[in-house]
Structure formats: C-alpha cells, structure tokens
Novice: 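Attaching a single structure in structure tokens format; questions to follow.
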Protein chains: 2
Amino acid sequence: MALRAGDHSQVAMNGLKEKVLTLDTMNPCVRRVEYAVRGPIVLRALELEQELRQGVKKPFTEVIRANIGDAQAMGQKPITFLRQVLALCVHPDLLNSPNFPEDAKRKAERILQACGGHSLGAYSVSSGIQLIREDVASYIERRDGGIPADPNNIYLSTGASDAILTVLKLLVAGEGPTRTGVLIPIPQYPLYSAALAELNAVQVDYYLDEERAWALDVAELRRALCQARDHCCPRALCIINPGNPTGQVQARECIEAVIRFAFEERLFLMADEVYQDNVYAEGSQFHSFKKVLTEMGPPYATQQELASFHSVSKGYMGECGFRGGYVEVVNLDAAVQQQMQKLLSVRLCPPVPGQVLLSMVVSPPAPSDPSFAQFQAERQAVLAELAAKAKLTEQVFNEAPGIRCNPVQGAMYSFPRVQLPPRAVQRAQELGLAPDMFFCMRLLEETGICVVPGSGFGQREGTYHFRMTILPPMEKLRPLLEKLSQFHAKFTREYS
Amino acid sequence: MALRAGDHSQVAMNGLKEKVLTLDTMNPCVRRVEYAVRGPIVLRALELEQELRQGVKKPFTEVIRANIGDAQAMGQKPITFLRQVLALCVHPDLLNSPNFPEDAKRKAERILQACGGHSLGAYSVSSGIQLIREDVASYIERRDGGIPADPNNIYLSTGASDAILTVLKLLVAGEGPTRTGVLIPIPQYPLYSAALAELNAVQVDYYLDEERAWALDVAELRRALCQARDHCCPRALCIINPGNPTGQVQARECIEAVIRFAFEERLFLMADEVYQDNVYAEGSQFHSFKKVLTEMGPPYATQQELASFHSVSKGYMGECGFRGGYVEVVNLDAAVQQQMQKLLSVRLCPPVPGQVLLSMVVSPPAPSDPSFAQFQAERQAVLAELAAKAKLTEQVFNEAPGIRCNPVQGAMYSFPRVQLPPRAVQRAQELGLAPDMFFCMRLLEETGICVVPGSGFGQREGTYHFRMTILPPMEKLRPLLEKLSQFHAKFTREYS
Ligand SMILES: Cc1ncc(COP(=O)(O)O)c(C=O)c1O
Ligand SMILES: Cc1ncc(COP(=O)(O)O)c(C=O)c1O
C-alpha cells in the first residue's frame, strides 16, 4: 500500500506541490472541534478594537468583552496576599524586604523548600508539588466537613481545562457502536463538546430545565442515556455545578439522585466544580459531589468513580492567566491511576506559579496571621460585588420585554432567553447564521457589547439565548444591561 | 447494540460492581504510552530519597538526579534580570521600589500594558500576547541574519511539549495503511514516541549514526521511509537539533539535505530546536531549519512546510517550571492555520508568566541598559560552565574501559555506550528487564546516581547506553563521573 511513494503527480502545472497538511488531509476530529467562547464573535470584537484604535468612527467608544469569565481582564484587582507570596517565590531576594508581611514570607519559604533547587524554575513532579497536593487535601477536608481526602488522589493541572481533557482522554475507547459516549449538559461549557470532538468520543446531550431555573432532572438523564445506547457506549456523566453558562446551583437531593443514577447505570462521574466559591443566591449552597457521595455511604461511597475539578481562574481570585487547577479522583481503579500518572508525566509538569497560587487559595491566611484582615476584606468585597451584579443582571433583564432571565444563583454568567422575531430568524437563515449569532453580531456592531450566542453552548431547538458575564465593573454593568435591553427592543421593532 | 443497557451482570458475588474505568476499558492508546525520563527508575529514586530521609542506611548519602534536563533542580541559579521583571509583573507595587533597575521596570510596564486588565491574572489570547509574539519574531529575525518572521506565524505554548503535541495532533489522520506515520530519530526524546502512541499514529524510526557522532544520514531516512510506506502513510519528519539524548549539532549541509529530502518526499518538517542556545563544541554552530530553508530559495523557501519549536526550559535560563515556549510555523496552509488557532483556543491560553519569561529571553537587556553587564555575565557563566561540563563528561567516560562517549557538541546530555557482559544481559532477561535498565537500577541502588537507560530513548538492537545530564554542579560532576565509571568496572567484573 505505498500510497504516496514516489507519487510526484501532486506537482501541479504551476510547479507548486500540494501541501502535506490541508483541510482534507488534517486530523478530521480537530476539524470538527468548535469553541464559541473564542469564536467568530470574539475575532470580530478584536477587529473592532483595532479599528477604534485606528480612529475609525463607530457608534460606541469601546468594546466591552462580556464573553469570557475573565475577572481581571474586566478590572478586578488581584488579591494582594496571593501576589505577595508569588513575588517572593519568583524573586527570593525580596525575602529580605521589610515591605512584605511575615506570613507571606513564611508561606513563600515553605513553598520554595518544596521546589527542586528551591526554585520555581525547576520542573515539579508531574502530579504537582507534594506539599501543595497536601494543602489541597486539607482544603477539601475542611470544605467537606472533615471527610478525608488523600493527597495521592489529587493531581495539579494547567487550569481545570487540562485536567478535564486528561480524564476524558482516559475514558475514550471503542469504535462504532462501542465508542465511548459522554453525557454533558445542554447548555454546556463548550470545552466539553470540543474535547469530545477532538477525542472522537460521542457527545450525549441531556437538557437542563429552563422552566425550573435550569434544574437537572434524572428523568431527562435517563432519556438521554437510553437513546444514546442505540449508537454508543455511554460511560461518563459530566455535571457543571454551579453551572456555566446557566448559573444554577444544584440542591443536595438533586446531587444524590444523580449519584444514584450514575451508580446504577455504571457511569463515571465528572464534577466540574470550578465555581464552588461563586454562590450568591439566598438559600443556595455549594455541595461537593465528593461530600454527598461519601455521606451516602456504601456502595456509593466505596465504589462510585468520580473526578472533581477546581481552578484558580474563578472564585474570588480570578487568576486565569496562571493556569492553575487540580482534579481529585475518587474510587479510581489503581492500575488506571498509574496510567494517568504516566500520561501526565509526558507533559512534564503543570506550571509551578499556578501551583503556588493554588496553594494560597487552598490555605489562605488564618485569623491569627498578619495578612488575615486585608485578605478577608478583599475576598469579601469581590464576592459581595459579584452577588450584587448577579442580582442586578437578573433584575434588569427581566424588566425588558422579550427577555427572560433565570436567577444567577452562582458562577459568573447570565444566560437569558431572548425572543427573536420570525423575520429576524429568516434574515439570519438567509445569511447562513444561527439566529442568535445574527443577533449577537448586530449587537456587537452597534453597541460594542460582546456576548456569546446561545448556540455556542447548546439550547433547545427554536429557543434563543446569549451568555453574558456578570464581571464588568458595577458602574459599567447597569448601563450595559440597559443598552443591551434597548438594543433588543430596537432589533425586535426592526424585524416586526 | 445496547451493549450495557441494564446489564447488571457486572455485579459480582461480593456485591462489588466492576469499575467503569479499568485497564481493559480505558483508552488503549494511552496504555501504550511510555515515558522513560520519568519512568520506573525515577520512581525508585523518589523512594530511595524518602528512605534516606527516614534514616535507612544506604551505600550513599544522597540521590543525584541526572535523569532530567532540569538545570535549576541541579542548583543552577535563575538569571536575576528575568526574575526581577517577572516579580514586577506579578506584584506591580514593586514598580515603586528603588531596588529594581530602571530597564526591568520599563520591561515590566510594557508587558503589563499588553495584558488584559494590565494583569498577569487575565487570560491572554490563545496564541499568546501579541506583543510577545512580536518580540519572538524580532528574535528570530536577528538569529537568522535578517530573514523576516511573521508574528502571526508564532504561537506561544505551555513549554515546547505542548506545541509539539499540538502540531502532531493536526497531522494525525487515516486508518490502517493510511494511518499517519511520523519519522523520529532513534535515539529520541521520548515525548515523541509517547505522543505518537497517544494519538494512535505510526512511529517510524530512523537511526542516528553513533559511529559518526550521531550524525543524521539521508540514506537512512530513505530506508526508514520506504519501509514505512508498506504499512502507513508517512507525513512528517521530526528532527531534534541539537540532539537529545545524543548531543550532536547538525552541520548546515546535513540540514540542507534533510530539507531536500522532506520536500521531495512530501514530509512536513518538525524541527525541535529547544537547545539552540546550547552549543559548546568548537566548530559546531546552530543553524535553524527556518534559516537554511529560506536561504535555499524556492521551491523550498516558498513551499516546504515547517514547524520549529523553542522553550524557556533549556538554554542558559533553564526556567522549566514556568512552562514557556513557542512554535513558529512556515508555509502552513492558511486554512489549517485557522484550525490550529481554533484548537489552541479550547485550552484558553498558555500560562502568562511563562509568556513573560519568554519575552525576556527573546529580548534581553541591550548593551546600553543598566542590567546588561550583570545579565551578560550571568548568561556567559552558565554557558561556559555547561561547555566545561560537556567536555569533562566526554573525557572521563572515554577513559573508562567499556564505556564510549561521543562528543557532547550541544544540548545537556551525554549518551555513552556501555559494554555489558553476556552474563549480565542474561541475568537481566531472567528478571524481565532490559539489560541497560538492569544496569541503571543497580547503579542507582548502589551509588544513588539516577540516569535513564538507553532503551527508554531507543538504540540499535544489542547496544546499550544510558543518558546522563551534564547539569550537576562542577564539584559534584567529576566524582559522579568517576563513581559511575568505577561502578561499571565493578559490574563488569561481577558478571564476567
Ligand atoms: C465550567 C468551566 N470549567 C472549566 C473551565 C476552565 O477553566 P481553567 O482552565 O481556566 O481552569 C471553565 C472556564 O471558564 C469553566 O467555565
Ligand atoms: C528535545 C526536547 N524537546 C522538547 C522538550 C520539552 O521541554 P519543555 O516542554 O519544558 O519546553 C524537551 C525537554 O527536555 C526536550 O529535551
């Protein structure tokens, strides 16, 4: 089968050889990947910013990027203590400076002791610095009311994204009807659909119930699973709690029901809990899958396989650029865990500065530490403002005719439903665009507001949404929400 | 095909369900991955360290990790200027400190201006901060004697590893006899074999010529290619220059011949040039594939596809823990490049601190800057010491009977060939170990010296090698080399 041996017929008349790597010859799985959060709308936003800089006249003076959960890009200030410790670790000469608090110095020294050559510049072990894995384990124990966590089940990662991709990679196998299927929520965070496309696994959609504030319903899980078994082998169930893009926080009973379902149906559970610190609504509370699973006792506690993900990108710290995160695995087969360890070692190690930040996040200053008061004040200020913005967003949107927004109980996004007039839908179809993409593009061109169309996350056929972060600073958020509502009204009139 | 629907037969007699994820059900490609640099020998080294800490008596007092190219772990000090700038970026309050030089402050301010929210904590665009892509382009232009580089062809990455995996991922396609084959050197850096296993591509081995100082020979490339065409579709050729583990630096004529070969045979070139600053031997010089290709003129300059990789982990800086790197693509199909961009966006962005370090590496202080003298002195000291250690390693090994070591022209490793007595080979086989693994394990147990067996990198059948870094500090290196040579002599006597 010497398919290309000596095949010089690819030299065309103009003397140009065809490229080795073309759309036709490249990895077809990669071609199928989509990632809306940084898709066409964001590329257009970048262009508009450039045009503004070049002095092109627009009906707005700045582009507002409400497309991505990137707190510091929207002006949120880093938490002082985190950056002090990191600066000390990066440049240990500063340990002699009188301008850093004692507890920051102690933390930095403790971390440097645990680094190869006492430097952030050494590779760490592939699973992350052991001391920081221990810090994470203590954090989980405190979070979960004393339920033990084993540092050896914790793997530090390059953001949560990396850990999610790693676990999915382990799960993928089979061909045709035995191909691995993975249940994901719709709407979803599109890392999941992208990863499944890349890995050539089957995406199995289960719908969250918009009418019940995006609740997860086990009957719907069962429907999705049964249908999927016709054409693939469903082996994992992903849950995002608190939800992105949907902002719901799951009740404990719901989590219990999901765990029972997963156990009965033999599904590996993946709990994306990167927003565990972002819960705003009264009466809502974060329950970790690990805790609920353990408290349910055997056989769940002893057998149900679970991977839970966390990140330094979200919460009150929003340190996205450092790419820190971790996964805790529970009841993972020991031999598989060795395979995971091996797979991680190929990429050498997660970025050490991200590991350091994670260590601070999971072991913040204690009440007796000199940095405690300031740390606590900064943390509370961020979380209080996020809560206020979550409420404001819901309010303003729900005052607008044709827009309906579920409460933003947690996370960093609203995902309002918008009515689009039939003529707008028709116009979009003529242009070859999803109707909500058409709406969002027009919004961007006319107001500079950059949000992501619901079609990038998935939504029930015939419904339209967009995702907007609640991250713009308060003084910008209200005018933004109003501008957006007004644009929707104008758009609706235009196409009626 | 409801393969597992309602299949509760997996509940065994003891009430235990079989796990969802087991060695049998997991991704078979991941199972096939091997990565010797962090393999069993390193795990054993970790155990020995722990035993030493617990006071267990050993014939040595410390484990010396000469298994991985991790300069700072072996005591190399970070370059002051790099860490100053990074500390300023991490904690901008320091911009008011009198203890940082003006040029470091200017660099830091310039970078912060280019970050979202003027903070390292924001995600960057997925291809990396545009300003830093421009810095990299200027560096490449200077390095290559003025040949232009386009910032838009440069993608910053999470270490070079990440970029290499990304490019390989694009290249993988086909099934059975059309499966993508990738030519890699033997011996190789095992990231390549690991990545190809993970991606289910076909590894096509070409052997470097040990007798000619690990030279690359086009006739051998041709042999490998022809044989491979029987069972796969070879589409890419990887070169590591300077070589890991082999330390050779390729001559310009050799690079030209490789480029002609790749062009004629329609192979995508991947040039791993992470050791471009690590050239020690007199008469050796680094030539980038990009430069040679461009200077060869059309059709090579205009058509041959190339990806070239670089990293902040090696060179004189050795900042492995920060996970910074980049790939420059040349003559890549425009549509494929868009696909690559999309693929990168799924992981959001490379770690920003690594991007910052990369920026410093590619635009270091200029002669007129206050930090120039110190920067230059530190850089030269590291490189001079590495050169001396390269020479010493070669010398001491070649004085030992039964050990033969090619000159370490560049990179950070020696890869000496060792004679092992037939009885040792037989003993290893009885133990189910590769003979050089047996040798290296015994070495570790008896001396505390941790090196990696040649079988982890590949070697000609019946030959045995190990890889040892030249990174231990000078005062430790000589005794280490002597101890190792003596151990080999003793081992040889023992099995004669
Ligand atoms: C639900 C969810 N999971 C995972 C991630 C990945 O975050 P990171 O890779 O920055 O940790 C995000 C980022 O927005 C997210 O929203
Ligand atoms: C030849 C070669 N390529 C790539 C890498 C990857 O380095 P990093 O991912 O740290 O940039 C290494 C590391 O040792 C290497 O030796």
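In what follows, chains are A, B, ... by sequence order, proteins preceding strands, each numbered from 1.
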Novice: Heavy-atom pairs under 4.5 Å with chain B are the metric here; pick the option from Leu120(A), Val352(A), Asp162(A), Thr180(A) that has the most.
Specialist: Leu120(A)
Novice: I need the residue from Ala195(B), Ala236(B), Ala122(B), Cys226(B) with the largest number of non-hydrogen atom pairs under 4.5 Å to chain A.
Specialist: Ala122(B)
Novice: Quick check on Leu343(B) against chain A: is it the side chain, the backbone, both or neither that has a heavy atom closer than 4.5 Å?
Specialist: side chain
Novice: Of all of Leu191(B), Val346(B), Thr302(B), Leu199(B), which one pairs up most often with chain A through heavy atoms under 4.5 Å apart?
Specialist: Val346(B)
Novice: Calculate, to the nearest 0.5 Å, the distance between atoms NZ and NE2 belonging to Lys77(B) and His118(A) respectively.
Specialist: 8.5 Å
Novice: Quick one, His91(B) and Leu88(A) - any side-chain contact, counting heavy atoms below 4.5 Å?
Specialist: no
Novice: Any side-chain heavy atom of Ile68(A) within less than 4.5 Å of one from Leu348(B)?
Specialist: yes
Novice: side-chain contact (heavy atoms from CB on, under 4.5 Å) for Glu34(B) and Lys342(A)? Distances and angles first, verdict last.
Specialist: CA-CA 7 Å; Glu34(B) 286 180 27; Lys342(A) 176 189 73 177; 5.7 Å; no
Novice: Below 4.5 Å, heavy-atom pairs only: which of Asp93(B), Leu357(B), Leu86(B) has the largest tally toward chain A?
Specialist: Leu86(B)
Novice: Chain B heavy atoms under 4.5 Å from Asn331(A): which part of the residue, side chain, backbone, both or neither?
Specialist: both
Novice: Just by distance, with hydrogens left out, do Arg323(A) and Thr158(B) show a side-chain donor and acceptor under 3.5 Å apart?
Specialist: no
Novice: Measure Cys89(A) against the heavy atoms of chain B and call it side chain, backbone, both or neither at under 4.5 Å.
Specialist: backbone
Novice: Name the region of Phe100(A), side chain, backbone, both or neither, that has any atom closer than 4.5 Å to a heavy atom of chain B.
Specialist: side chain
Novice: Quick one: of Gly321(B), Gly117(B), Pro351(B), Pro28(B), who has the most non-hydrogen atom pairs under 4.5 Å with chain A?
Specialist: Gly321(B)
Novice: Between chain B and each of Pro353(A), Cys320(A), Gly318(A), count heavy-atom pairs under 4.5 Å; write down the option with the most.
Specialist: Cys320(A)
Novice: Does Gln227(B), at its CD atom, have more than 12 non-hydrogen atoms belonging to other residues, nucleotides or ligands within less than 6.0 Å?
Specialist: yes
Novice: Over all heavy atoms of both residues, which pair between Leu23(A) and Asp333(B) is shortest? Give the atoms and the distance, please.
Specialist: N-OD2, 4.4 Å
Novice: If you define the side chain from C-beta out and look only at heavy atoms, does anything of Met26(B) sit under 4.5 Å from Val172(A)?
Specialist: no
Novice: Heavy-atom pairs under 4.5 Å with chain A: which of Gly159(B), Ala87(B), Ser161(B) has the most?
Specialist: Ala87(B)
Novice: Please examine the side chains of Gln339(B) and Val33(A), heavy atoms only from C-beta on, and report whether any two atoms are closer than 4.5 Å.
Specialist: no
Novice: In plain terms, say whether Lys169(A) and Glu198(B) are close enough for a salt bridge, that is, a side-chain N and a carboxylate O under 4.0 Å apart.
Specialist: yes
Novice: Given side-chain contact (heavy atoms from CB on, under 4.5 Å), test Asn27(A) with Leu170(B) step by step and report yes or no.
Specialist: CA-CA 5 Å; Asn27(A) 187 333; Leu170(B) 290 173; 5.6 Å; no
Novice: Answer yes or no: is there a donor N or O on one side and an acceptor on the other, between the side chain of Gln72(A) and the main chain of Gly116(B), under 3.5 Å?
Specialist: no
Novice: Against chain A, label Leu267(B) side chain, backbone, both or neither, depending on which of its atoms sit under 4.5 Å from a heavy atom there.
Specialist: backbone
Novice: To the nearest 0.5 Å, how far apart are OH in Tyr123(A) and CZ in Phe322(B)?
Specialist: 13.0 Å
Novice: Measure Leu94(B) against the heavy atoms of chain A and call it side chain, backbone, both or neither at under 4.5 Å.
Specialist: side chain
Novice: What do the steps show when you test Arg235(A) against Leu21(B) for side-chain contact (heavy atoms from CB on, under 4.5 Å), and what is the final call?
Specialist: CA-CA 8 Å; Arg235(A) 300 170 72 206; Leu21(B) 194 55; 4.1 Å; yes
Novice: Is it the side chain or the backbone of Pro350(A) that comes within 4.5 Å of chain B heavy atoms, both, or neither?
Specialist: backbone
Novice: Would Ser119(B) and Arg83(A) satisfy side-chain contact (heavy atoms from CB on, under 4.5 Å), going step by step from the backbone distance to the final call?
Specialist: CA-CA 11 Å; Ser119(B) 171; Arg83(A) 295 304 190 90; 3.0 Å; yes
Novice: If I measure from the heavy atoms of chain A, does Asn99(B) come under 4.5 Å with its side chain, its backbone, both, or neither?
Specialist: neither
Novice: With a 4.5 Å cut-off on heavy-atom pairs, point out which of Pro78(B), Ala73(B), Ala334(B), Gly174(B) contacts chain A the most.
Specialist: Ala73(B)
Novice: Looking at NZ of Lys19(B) and CG of Leu332(A), how far apart are the two atoms once the value is rounded to the nearest 0.5 Å?
Specialist: 7.5 Å
